[in-house]
Amino acid sequence: MIKIRKAVIPAAGLGTRVLPASKSMPKEMLPIVDKPAIQHIVEEAVRSGIEEILIITSRGKTTVEDHFDRAPELEERLLLAGKQREYDAMLSIANLASIHYLRQQQPLGLGHAVWCARTFVGNEPFAVLYGDDVIVGDNPACAQLCAAYEEYGLGVAGIKPVSPQAIHKYSSLGVEHMEGNRYKINDMIEKPPPGQELSLYSILGRCVLPPKIFGILENLPKGAGGEIQLTDAMRILTHDEGMIGVEYEGTRYDMGSKLGYMQANVEMAAVHPEIGPEFIAYLKEFTKDL
Ligand code: UTP
């Protein structure tokens, strides 16, 4: 049976929707309460059985590498101060996974970022976890997609319905229900102009792809927004051999948008073991006259 061992996390985008926060700080490092978005994503990959991770970065994103590295001065200080719990937590971040880095030299689009991973991936299927999409849930979204790939041997996209107002900012999919939360994808379009929507189902944050996607990406012309779009490559893959859509369980937060970032923080603060009860009390008080 095929086992998905490798994952690519594209995190080289400019993050223009969350400026000015992302001017000198990667949006993937925006915290949800106390943990950067990308740490949630790496943890999801690890919980899904992924063994090797490649993070695609770019200029100005070295804090991502620093975050997953050892921090000897900090570790020593924590030990000296008797802060064993914090020390263990810092060490566990550095030991989370086998993480590799590669720089995308120009932000040419998500499809191009994935294409940069071709040597790392080699000739095996791999997962893609978008660096600004945090998905929270007991059953990791990436694992749900990997299971479908292992079952059908076809590329898999993580899908969810979006609102009619939002579909133009996302991809739109032609889908046919198969069983449970699984769909056969017939077609897809990135950022459909009004009237060209196929459905309100969109690819959100995760996919598992066969290595033949690299050959498709290699020859792909620029698409919506003048970028090399991963959706355009997946459309060709769909027409060639088919793709499966998995409406994954879990709550997705778009950390690349101001609203998504705030929703993630409010909802996760409410269940945070350290500040949860106090935060809920504050929130109730704050919202009572809104
Ligand atoms: P987005 O389209 O959300 O990222 O891509 P963006 O271009 O930074 O968004 P704007 O500027 O706010 O509209 C989804 C993921 O793909 C990465 C991003 O970093 C994000 O994690 N990405 C995007 C790349 O790695 N390279 C690119 O050229 C584009």
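For ligands, and for the atoms within them, numbers begin at 1 and follow the listed sequence. Treat the numbers as computed from the prediction; the structure is a model and nothing was measured. Only heavy atoms go into these numbers, but all of them, side chains included; no hydrogens, no water, no symmetry mates.
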Original post:
For ligand 1, which atoms have a heavy atom of Gly15 less than 4.0 angstrom away?
Top reply: 6 (P), 8 (O), 11 (O), 12 (O)
Subject >> Gly13, any N or O under 3.5 Å of ligand 1 N or O >> reply: yes
**OP:** Under 4.0 Å from a heavy atom of Ala11: give me the atoms of ligand 1 that qualify, with their elements.
**Re:** 19 (O), 25 (O)
Subject >> Nearest-contact summary for atom 13 (O) of ligand 1 - protein heavy atom, Å >> reply: Arg17 NE, 3.2 Å
**OP:** For Ala113, counting its heavy atoms only, list the atoms of ligand 1 lying under 4.0 Å from any of them.
**Re:** 24 (C), 25 (O), 26 (N)
Original post:
Can you tell me if CD on Glu218 sees more than 12 non-hydrogen neighbours from other groups inside 6.0 Å?
Top reply: yes
**OP:** Using the side-chain hydrogen bond (donor to acceptor under 3.5 Å, both in side chains) rule, pick out the option among Arg47, His40, Gln39 that qualifies with Glu43.
**Re:** Gln39
**OP:** Just say parallel, tilted or perpendicular for the rings of Trp115 and His112, cut-offs at 30° and 60°.
**Re:** tilted
Original post:
Parallel under 30°, tilted from 30 to 60°, perpendicular over 60°: which one fits the rings of Tyr183 and Tyr201?
Top reply: tilted
**OP:** Look at Arg17 together with Asp132 and state whether they make a salt bridge at an N to O cut-off of under 4.0 Å.
**Re:** yes
Original post:
Any nitrogen or oxygen of Leu14, main chain or side chain, under 3.5 Å from a nitrogen or oxygen of ligand 1?
Top reply: yes
Original post:
Hey, which atoms in ligand 1 end up nearer than 4.0 Å to a heavy atom of Gly131?
Top reply: 21 (O)
Subject >> Modelled atom types, side-chain donor and acceptor of Ser98 and Glu52, under 3.5 Å >> reply: yes
Subject >> Numbering as shown, the atoms of ligand 1 that approach Leu110 to under 4.0 Å (heavy-atom distance) >> reply: 16 (O), 27 (C), 29 (C)
Original post:
Which ligand 1 atoms does Thr16 reach within 4.0 Å, using its non-hydrogen atoms?
Top reply: 10 (P), 11 (O), 12 (O), 13 (O)
**OP:** Considering the heavy atoms of Pro107, write down every atom of ligand 1 situated less than 4.0 Å from one of them.
**Re:** 28 (O)
**OP:** Pick, from Lys169, Glu28, Gln104, the option with the minimum heavy-atom distance to atom 19 (O) of ligand 1.
**Re:** Glu28
**OP:** Test Arg182 against every option in Glu151, Glu247, His177 by the side-chain hydrogen bond (donor to acceptor under 3.5 Å, both in side chains) rule and name the one that passes.
**Re:** Glu151
Subject >> Lys27 to ligand 1, any heavy atom closer than 4.0 Å >> reply: yes
Original post:
Looking at the rings of Phe279 and His272, which for Trp means the six-membered one, are their centres under 6.0 Å apart?
Top reply: no
Original post:
For ligand 1, is there an atom lying under 4.0 Å from some heavy atom of His112?
Top reply: no
Subject >> Ile56 N/O under 3.5 Å from ligand 1 N/O >> reply: no
**OP:** Identify whether Ile2 and Met243 are in the same connected component of the hydrophobic contact network (ILVMFWY, side-chain heavy atoms under 4.5 Å).
**Re:** no
Subject >> Is_contact(atom 2 (O) of ligand 1), protein non-hydrogen, under 4.0 Å >> reply: no
Original post:
Can you list the atoms of ligand 1 that are under 4.0 Å from a heavy atom of Gly109?
Top reply: 26 (N), 27 (C), 28 (O), 29 (C)
**OP:** Please say whether more than 12 non-hydrogen atoms of neighbouring residues, nucleotides or ligands are located less than 6.0 Å from CD in Glu76.
**Re:** no
